[in-house]
**Q** 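Next up is a structure, given as structure tokens.
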2 protein chains.
Amino acid sequence: MARRAGVDTSTASRALAGDARHRMSEATRARVLSAARKLGYRPNLLARALRTARSNSLGIVVPQLDNPVYAQMISGAEAAARERGYALLIVHVGEAESGVTAIERLTRTNHVDGLLVSSFDHESVLAPALRHAKVPSVVLNRRAAGVANCVSLDTRRAARKAVAHLLELGHRRIAHLTGRPGGAGTRDRIAGYRGALESAGVGFDPRLVAAAGFSAEGGERAMRAVLRSARPRPTAVFVATLLAAAGALKALRAARIAVPGDISIVTLHDSIIAEVLDPPMTTVRLPTRRMGYEAARGLVDLIEGRARRVARVLAPLELVVRGSAAPPHA
Amino acid sequence: MARRAGVDTSTASRALAGDARHRMSEATRARVLSAARKLGYRPNLLARALRTARSNSLGIVVPQLDNPVYAQMISGAEAAARERGYALLIVHVGEAESGVTAIERLTRTNHVDGLLVSSFDHESVLAPALRHAKVPSVVLNRRAAGVANCVSLDTRRAARKAVAHLLELGHRRIAHLTGRPGGAGTRDRIAGYRGALESAGVGFDPRLVAAAGFSAEGGERAMRAVLRSARPRPTAVFVATLLAAAGALKALRAARIAVPGDISIVTLHDSIIAEVLDPPMTTVRLPTRRMGYEAARGLVDLIEGRARRVARVLAPLELVVRGSAAPPHA
DNA sequence: CTACTTTACGTTAACGTTAACGTCAATATG
DNA sequence: CATATTGACGTTAACGTTAACGTAAAGTAG
């Protein structure tokens with residue numbers, strides 16, 4: 001016990017707490033602090049956690065690590081957690097583990113003080129698991145029934161912005177390659193797409209919408225399907241994600257359709273990949289990193305009782321104009 | 001204390017340890033185990049950690065999260081850690097924090113049992129920090145003086161393989177855009193490049209080598225520099241990383257040089273990005289995820305005394321032939 | 001059948017921290 | 001001046017776990 005060296009016993013705890021609830025003389029406090037500094041004292045977080053039943057750690061559950069979207073989320077969450085003095089335990093649930101067992105493990109065994117969840121598991125199984133955990137949780141970008149706390153991106157407005165850009169360029173026949181059928185994001189994207197079309201007086205044609213998933217292969221397949229079945233051929237496509245857009249690009253190139261000459265593309269979720277594509281991709285940049293940051297910040301607020309609820313939809317969406325969208329042929 | 005319900009006191013600890021060093025009757029062991037199962041007993045890792053001075057957690061220090069290389073490494077390390085019953089604490093050191101303070105924090109405050117380190121910090125500062133930490137550590141892909149335990153990729157052989165592919169296609173004048181000048185990876189890449197050239201009887205021309213860093217911009221700049229100064233113009237380029245190769249591609253496109261028609265490109269580090277480029281990039285795939293996996297596994301072996309040293313160079317390098325390299329013009 | 005060994009498990013203490021309580025002296029109140 | 005009040009800090013116990021020690025019962029040897 002490093003403290004004894006300089007001064008007395010566990011009065012040190014009070015001094016180091018710094019809290020105003022403990023009244024004590026400035027003199028002893030100063031003595032303790034200087035001794036602590038001199039001895040290089042570091043509190044043992046394990047012991048503190050055991051005593052206070054608070055581990056000062058957060059758990060984050062993500063379905064993938066090597067997808068830039070999740071990497072950015074984690075990066076933001078890690079920054080916020082560190083700023084507030086929390087460690088971040090990352091669990092990556094793939095085939096090996098379900099989000100539910102990950103939540104169990106984090107709370108029961110690792111004693112995290114709060115959970116950030118962005119698993120693909122279905123809401124109906126996730127929501128009860130989160131309620132059953134006795135720690136607060138914030139869900140990332142999955143607004144859903146039974147989920148109290150959530151930080152999301154305004155996918156609907158992002159979709160609207162992307163499609164509005166195509167409309168402003170003069171496109172009228174705009175296809176949409178969306179994500180997983182039935183997903184919450186898919187609903188939002190379609191709503192934004194449809195809203196933008198309708199407020200420009202363009203009718204909604206369900207044959208121009210295809211599910212692409214989030215992979216390049218999915219985008220390629222969906223693009224081929226649209227080319228095959230949509231008559232007349234669209235002059236522009238709004239694609240759900242960058243990877244899928246890259247796939248769509250491939251399909252168009254294979255069909256000898258020039259981008260943006262014959263068909264324009266706009267997509268969501270900016271990343272370095274957008275810049276290295278040919279042509280560089282016009283995208284709507286979403287504040288993914290900030291979503292992670294705000295979610296972790298909100299979670300800490302919940303844990304420390306500064307907030308009762310976290311429900312934010314992050315707005316600043318920026319259209320990044322590169323080379324994949326241009327006015328349609330005259 | 002859940003155990004009392006079914007049986008006696010801390011004999012349970014012995015039963016649950018399962019260790020053969022504790023001799024006890026099968027009957028009581030079975031009774032304890034079944035009671036534990038019935039009550040859903042989960043050991044409190046914090047209390048155990050405090051008592052045993054072992055936290056069953058590893059720390060990993062990485063310079064970036066949104067680079068696919070690090071994401072893959074972390075993904076592998078997480079898998080190995082989980083298999084062995086360890087949690088993984090990820091610290092991402094950017095501008096805000098140096099790797100040294102991260103190491104300090106992980107060991108002194110979070111009491112991790114071992115460290116995985118892949119920071120950009122200079123070896124001369126990192127090695128003493130690791131020695132000073134009293135827990136074992138494994139360095140990822142930074143073989144360096146003073147570093148005892150390391151798992152790396154065989155960058156030299158990978159470079160050799162990439163260049164050999166170009167030589168086999170018939171190229172003789174091959175440029176090399178490498179990483180940070182002075183880096184260990186840079187040395188290995190140049191050695192492999194030079195080795196391949198020399199065993200094909202092609203002379204090494206330092207004017208064909210340029211430092212590109214690891215970014216797309218760096219690759220673009222380096223490619224332009226080579227095009228400007230190398231006479232006669234090379235017919236192929238070997239680039240250190242995928243992002244830099246994408247940049248080089250951009251520079252070539254801007255100069256109206258066809259790939260692979262006029263200049264071929266081969267690079268290292270496969271990822272989804274390679275597939276979505278135009279043309280899709282021929283790369284040498286490195287076992288990055290496995291590097292993370294093996295490093296974490298080796299670290300646990302060090303911690304648990306099953307190994308005294310971890311020093312592996314991972315070999316399985318696979319040439320992934322896509323469309324960016326072809327025979328030179330006749 | 002006594003004396004020593006082994007087996008099986010209960011008891012105790014400790015890991016480092018902090019909440020709760022206790023004590024003593026200084027100050028305030030009548 | 002006696003008593004009540006407060007401020008400052010020491011003492012104690014507890015968080016849940018396990019290593020070390022203790023002890024009773026069963027087994028073994030002479």
Side-chain angles (χ1 to χ4, degrees), chain A residues 1-36 39-57 85-87 105 107-113 134-135 304-305, chain B residues 1-36 39-57 85-87 105 107-113 134-135 304-305:
Chain A
M1 198 182 269
R3 43 185 75 157
R4 166 135 296 165
V7 282
D8 33 43
T9 71
S10 76
T11 306
S13 175
R14 282 189 273 255
L16 293 163
D19 245 335
R21 4 180 270 273
H22 301 122
R23 48 267 163 79
M24 55 185 316
S25 79
E26 275 313 313
T28 31
R29 165 161 297 163
R31 237 161 10 111
V32 171
L33 292 182
S34 98
L39 281 107
Y41 169 77
R42 291 288 193 300
N44 182 333
L45 289 198
L46 297 167
R48 176 181 295 170
L50 183 59
R51 176 65 236 246
T52 61
R54 298 245 344 269
S55 66
N56 276 272
S57 64
Y86 284 72
R105 193 157 55 86
T107 55
R108 304 276 313 261
T109 305
N110 290 306
H111 294 261
V112 297
D113 296 329
K134 292 144 308 176
V135 296
E304 299 182 352
Chain B
M1 196 181 273
R3 41 186 77 156
R4 166 133 298 165
V7 283
D8 34 40
T9 71
S10 76
T11 306
S13 174
R14 283 189 273 254
L16 293 163
D19 244 336
R21 9 178 266 272
H22 301 123
R23 48 267 163 79
M24 56 186 316
S25 78
E26 275 313 312
T28 30
R29 165 161 295 163
R31 245 175 348 125
V32 171
L33 292 181
S34 98
L39 282 106
Y41 169 78
R42 291 289 192 300
N44 182 333
L45 289 199
L46 296 167
R48 176 180 295 170
L50 182 61
R51 177 64 237 246
T52 60
R54 298 245 344 268
S55 66
N56 276 272
S57 63
Y86 284 72
R105 193 157 54 86
T107 55
R108 304 278 311 261
T109 306
N110 292 306
H111 293 262
V112 296
D113 296 330
K134 291 144 308 174
V135 296
E304 299 183 350

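Here the structure is a predicted model, which means the values were calculated and not measured. Labels below follow one simple rule: chain letters A, B, ... track the order of the sequence lines, proteins then strands, and each chain is numbered from 1.
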**Q** Using rotation axes that map the C1' atoms of four end pairs onto the next four (five pairs an end), what angle separates the end axes of the helix from C:dC1-D:dG30 to C:dG30-D:dC1, to 10°?
**A**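 Here the helix ends are tilted 50° relative to one another.
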
**Q** If you compare all heavy atoms of B:R42 against all heavy atoms of A:T109, which two are closest, and at what distance to 0.1 Å?
**A**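 Reported closest heavy-atom pair: CD-OG1, 3.9 Å.
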
**Q** Are A:T11 and D:dA8 close enough that a side-chain N or O sits under 4.0 Å from OP1 or OP2?
**A**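 Negative; the distance criterion is not met.
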
**Q** Check step by step if side chain to side chain contact (heavy atoms under 4.5 Å, CB included) holds for A:S55 and B:L46.
**A** CA-CA 8 Å; A:S55 66; B:L46 296 167; 4.3 Å; yes

**Q** For DNA chain D, which residues in residues 43-51 of chain A have a heavy atom at a distance below 4.0 Å?
**A**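 Contacts with DNA chain D under 4.0 Å: A:L50, A:R51.
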
**Q** Which pair of heavy atoms, one from B:L16 and one from B:A36, lies closest together, and at what distance?
**A**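 Here B:L16 and B:A36 meet closest at CD2-CB, 4.1 Å.
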
**Q** Between A:T52 and D:dC15, does any side-chain N or O lie under 4.0 Å from OP1 or OP2?
**A**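 Checking D:dC15 against A:T52, no side-chain N or O comes under 4.0 Å of OP1 or OP2.
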
**Q** At less than 4.0 Å, is any side-chain N or O atom of B:S13 found next to OP1 or OP2 of D:dA19? Yes or no.
**A**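 The answer is no; no side-chain N or O of B:S13 sits under 4.0 Å from OP1 or OP2.
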
**Q** Distance check needed: C:dC15 C1' versus B:N56 CG, whole Å only.
**A**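 These atoms are roughly 16 Å apart.
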
**Q** Expressed in angstrom and rounded to an integer, what is the separation of B:R14 atom CZ from C:dA8 atom P?
**A**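 That distance rounds to 11 Å.
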
**Q** Would you say the side chain of A:R42 and the base of C:dG16 hold a donor-acceptor pair, judged only by whether the two atoms sit under 3.5 Å apart?
**A**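 Not at all, since no donor on one side and acceptor on the other fall under 3.5 Å apart.
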
**Q** Would a distance-only check, ignoring hydrogens and angles, find a side-chain to backbone donor-acceptor pair under 3.5 Å from A:R108 to B:G40?
**A**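 Yes.
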
**Q** If I take atom CZ in residue B:R54 and atom P in nucleotide D:dT17, what distance separates them, rounded to the nearest angstrom?
**A**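 Between P of D:dT17 and CZ of B:R54: 17 Å.
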
**Q** Could you check whether any side-chain heavy atom of B:V32 comes within less than 4.5 Å of a side-chain heavy atom of B:R29, counting everything from C-beta outward?
**A**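 Side-chain contact under 4.5 Å: no.
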
**Q** Which heavy atom in A:V135 sits nearest to a heavy atom in A:T107, and how many Å separate them?
**A**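 Minimum heavy-atom separation between A:V135 and A:T107: CG2-CG2, 3.8 Å.
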
**Q** Looking at B:T28, does any N or O in its side chain come under 4.0 Å of the phosphate oxygens OP1/OP2 on C:dA8?
**A**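 It does not, given that no N or O in the side chain of B:T28 lies less than 4.0 Å from OP1 or OP2 of C:dA8.
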
**Q** Without decimals, in angstroms, what is the distance between A:E26 CD and D:dG7 C1'?
**A**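 Interatomic distance, CD of A:E26 to C1' of D:dG7: 14 Å.
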
**Q** Can you tell me how far the CG atom of A:L50 sits from the CG atom of A:L45, to the nearest 0.5 Å?
**A**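 A:L50 atom CG to A:L45 atom CG measures 12.5 Å (nearest 0.5 Å).
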
**Q** Hey, are the side chains of A:R48 and A:N44 touching, using non-hydrogen atoms and a 4.5 Å cut-off?
**A**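 No. Closest side-chain heavy atoms not under 4.5 Å.
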
**Q** May I have the distance from A:R29 (atom CZ) to D:dG7 (atom P), rounded to whole angstrom?
**A**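 It works out to 15 Å between those atoms.
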
**Q** Rounded to whole Å, how long is the line connecting atom CZ of A:R31 with atom P of D:dA8?
**A**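 After rounding, the gap between these two atoms is 14 Å.
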
